[in-house]
Structures are given as C-alpha cells and as structure tokens.
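What follows is one structure encoded as structure tokens, with my remarks underneath.
Index from 1, following the sequence. These values consider heavy atoms only, across backbone and side chains, with no hydrogens, waters or symmetry-generated copies. Remember, it's 1-based here, ligands and their atoms both numbered in the order they're listed.
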Amino acid sequence: MIDRRSVLLSSLALAACGNTEAAPVADATPLKSIAPFPIGVAAMSGHFDEPAWVNLALTHVSQLTPEWEMKMEYILSETGDYRWEAPDRIADFCTAHELRLYCTTLIWYSQDSAFFRSLDPPRFRREYDRYIAEVAGRYRGRATGWDVVNEAVAEDGDGLRSCLWSDVLGQEGYIVRAFEQAKLADPDAVLFLNDYNLENNPVKGATFLRLVERLLKAGVPVGGIGTQSHLDIEIPAGRTRAFFHEAAQFGLPIHVSELDASLRSDSRIDTRSPRQKIDQQTARVAELTEAFVALPAAQRFAFTVWGLRDTDSWLRGGTRDDGKDSPLLFDAAGRPNPMYRAVMAGLRGD
Ligand code: XIL
C-alpha cells in the first residue's frame with residue numbers, strides 16, 4: 001500500500017524534474033489529434049516545473065512560442081550582454097518533447113533597450129545586426145519560424161509606427177534590415193511579420209497587408225504573415241473571414257500567433273449577460289478557426305493560443321482584472337472551456 005507521504009514525495013520529485021506523469025488531464029479530445037496543422041501555445045520556462053501545465057500542453061499542442069523569454073527585454077541587458085538561460089530551456093524542452101519551436105520576437109517597437117538608446121548611429125547599426133545574428137543564429141536549425149518584426153503598424157492603422165528602430169534606421173528601413181539580417185542568421189526559418197487587431201480593425205488589417213505587399217515587391221524575405229488574433233468578440237460576423245481572405249492572396253503561410261478572446265469590455269459599461277458574452281466568443285472563435293481551416297493546406301502555418309489556462313493569460317492579473325475573464329481554451333483546473341468547444345467545432349467543420 002502506498003502511504004500519503006510517499007505519494008507527496010514522489011509528486012514533489014516529479015514536479016522538480018518536470019515529469020509529466022503526475023496531474024491527470026481532463027477528458028477532452030486532444031486538439032493536435034484533430035488539426036491537420038500545428039497547434040501552438042505560449043510558454044514560460046517556469047511552466048515546465050508544473051506537471052499540470054506540462055501534461056495539458058503535451059496532450060493538446062505540437063508547438064511552443066516563448067511568451068516573453070525570447071524577447072529583447074529578457075535577452076539583452078542594459079550593458080549589451082546576452083542572457084540565454086530561459087530561452088535555451090524552452091528550446092531544449094521542445095527538443096526533448098518533439099515539439100516545434102516558434103520564436104518571438106527579434107524587433108518590437110515596445111521593447112527598445114536602454115543599451116540601444118545609448119549608441120551612436122554607426123554603432124547602433126552594428127549592434128542591431130549583431131543582435132539579430134546572435135539571437136536568430138543561436139536557434140538556427142531549431143526554430144521553425146521567427147516573428148522578425150512585431151507590431152510595425154500604427155495603433156489606429158494609419159501608417160506605420162515611429163519608434164527607436166525607425167528613428168535610426170528609417171520607418172521601413174528597420175523592417176527591411178531586420179528581415180535581411182534574420183535571413184542571413186537562419187535561412188531555413190520562416191520569417192514572419194506579425195501584428196494585432198488585423199481582424200478587429202479593417203483599416204489596420206489593410207495597412208498591414210499593403211506593407212506586406214510593398215516588402216515582397218522590394219524583394220524583402222518576408223516568408224509569412226502572423227496575425228496575433230487577440231480577438232474582440234464584439235466585432236461583426238464576417239470580419240475575420242474577410243481578413244483571412246485578403247491575407248491569403250500572397251500565397252504565404254499564415255500564423256494565428258497569439259489567439260485569445262477576452263470576455264471583458266474595457267470601453268463601456270457592459271450590459272451583456274454572461275451567456276451573451278460566451279455566445280459572442282464562441283461565434284467569433286469558431287469563425288476564426290473555420291477561416292484558418294479554409295486556407296490552402298500549405299498556407300496553414302500554425303494555430304497558436306496565447307496561454308493554456310485562463311489563469312495563464314496575460315489578460316489576467318493587473319489592475320483591470322476582475323478574476324473572471326475566460327479568454328483561453330481551458331479553465332484554471334485544465335478543464336475545457338466553451339472556447340475549446342468553439343475551436344473544436346471549427347476544426348471539425350461542425
Ligand atoms: C506579452 C506577454 O503575454 C507578457 O507575458 C509579456 O510580459 C509582454 O508580452 N502582443 C505580443 C505579445 O506580440 O508578445 C505580447 O505578449 C502580447 C501582445
């Protein structure tokens with residue numbers, strides 16, 4: 001007979017080594033067993049110490065994206081040193097568990113660094129190239145793809161953002177340079193331009209696609225289109241489908257790169273009932289999934305959710321969080337949410 005103490009000790013030992021056999025997974029058809037394309041999830045290295053997360057992830061997904069530990073904020077110090085511990089751990093976890101590794105992000109307006117801000121323009125250019133060479137080069141052969149530039153389009157969709165990178169290298173110059181350097185560093189990774197609100201805001205979606213078009217015409221090695229898909233569940237039906245239809249015209253792989261669908265409304269007094277919100281979420285997420293499934297097979301790069309359980313979401317925590325939002329596929333205990341069923345219905349074509 002196994003006593004309680006030995007059960008406790010063995011589960012602690014399992015937790016310490018990231019073993020996957022503790023923590024049963026709630027009964028739900030594995031997403032990856034249904035989808036004819038990779039299913040991805042955002043991961044932090046700390047998740048690997050949590051058997052419940054590991055089990056749920058290995059049951060449902062075939063690809064990981066580091067949620068923040070491959071960003072400049074983690075890797076580059078103020079003095080220009082590089083830090084690899086967490087991103088290496090994520091890459092190693094992918095290798096050990098035969099998961100695809102998707103990497104984000106090399107250049108992002110919201111993460112300029114104190115180090116770069118201190119440089120004169122010639123040194124800035126050299127360090128820019130070096131950063132991309134070091135980071136993309138390190139995961140060469142393991143990264144299936146990279147978000148090379150993240151969120152280049154202005155918030156309202158009117159043109160491109162100004163940021164530290166554009167100030168020094170030009171508004172499109174920094175984008176072009178990042179793709180060229182990434183191509184040199186990892187010629188086999190699929191190189192993505194990634195952005196958000198592309199379905200939610202048709203003006204922004206159109207500006208983004210015009211940017212893709214210009215870059216391709218100029219011979220810039222953009223290899224894929226990433227749509228974050230932080231969905232606004234109140235957008236009209238058809239909007240998501242329309243964006244995918246437009247985006248597909250380039251023939252490039254498309255990545256749903258950060259799907260979540262908040263039930264919260266930040267902009268007004270919310271009069272919707274809980275049922276209405278779930279219905280909106282279900283309809284919009286099913287539409288997105290169907291629009292992705294309807295793409296030609298070669299263009300379905302991957303379908304990635306930005307966290308596994310509601311409690312893993314970047315939308316939880318912080319001052320605006322009421323502890324009730326349910327923007328992801330699984331609840332805090334790893335049980336499937338209505339949103340899981342919406343994705344399943346989209347995958348199965350119900
Ligand atoms: C967020 C992560 O979820 C957070 O953990 C991190 O602190 C900041 O970044 N768009 C993106 C993602 O491209 O990288 C962001 O991820 C969410 C919005």
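- Among the candidates W165, Y82, W108, F124, the single residue satisfying the ring pair (Phe, Tyr, Trp, His ring centres under 6.0 Å) test with Y131 is Y82.
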Dump the pairs for me: ligand 1 N or O, protein N or O, distance under 3.5 Å, to 0.1 Å.
residue  : atom   : partner : partner atom : Å
ligand 1 : 3 (O)  : E67     : OE2          : 2.5
ligand 1 : 3 (O)  : W306    : NE1          : 3.0
ligand 1 : 5 (O)  : E67     : OE2          : 3.2
ligand 1 : 9 (O)  : K71     : NZ           : 2.9
ligand 1 : 10 (N) : E151    : OE2          : 3.1
ligand 1 : 10 (N) : Q228    : OE1          : 3.1
ligand 1 : 10 (N) : E258    : OE1          : 3.1
ligand 1 : 13 (O) : N150    : ND2          : 2.8
ligand 1 : 13 (O) : Q228    : NE2          : 3.0
ligand 1 : 13 (O) : E258    : OE1          : 3.3
ligand 1 : 13 (O) : E258    : OE2          : 2.8
ligand 1 : 14 (O) : K71     : NZ           : 2.6
ligand 1 : 16 (O) : K71     : NZ           : 3.2
ligand 1 : 16 (O) : W306    : NE1          : 3.3

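- Figure legend: cation-pi geometry between R100 and F301, with NZ or CZ positioned under 6.0 Å from the six-membered ring centre and within 45° of its axis.
- For K32 (side chain) and L58 (main-chain N/O), a donor-acceptor pair under 3.5 Å exists by modelled atom type.
- Within the structure, every pair that satisfies the side chain to side chain donor-acceptor pair (under 3.5 Å) test and touches residues 329-341, not counting sequence neighbours, is listed here: D310-N337, S326-N337, D331-R335.
- Applying the ring-ring contact (aromatic ring centres under 6.0 Å, His included) criterion to Y74, with sequence neighbours excluded, gives W68.
- Other cluster members for L263: I233, I278, joined by side-chain heavy-atom distances under 4.5 Å among Ile, Leu, Val, Met, Phe, Trp and Tyr.
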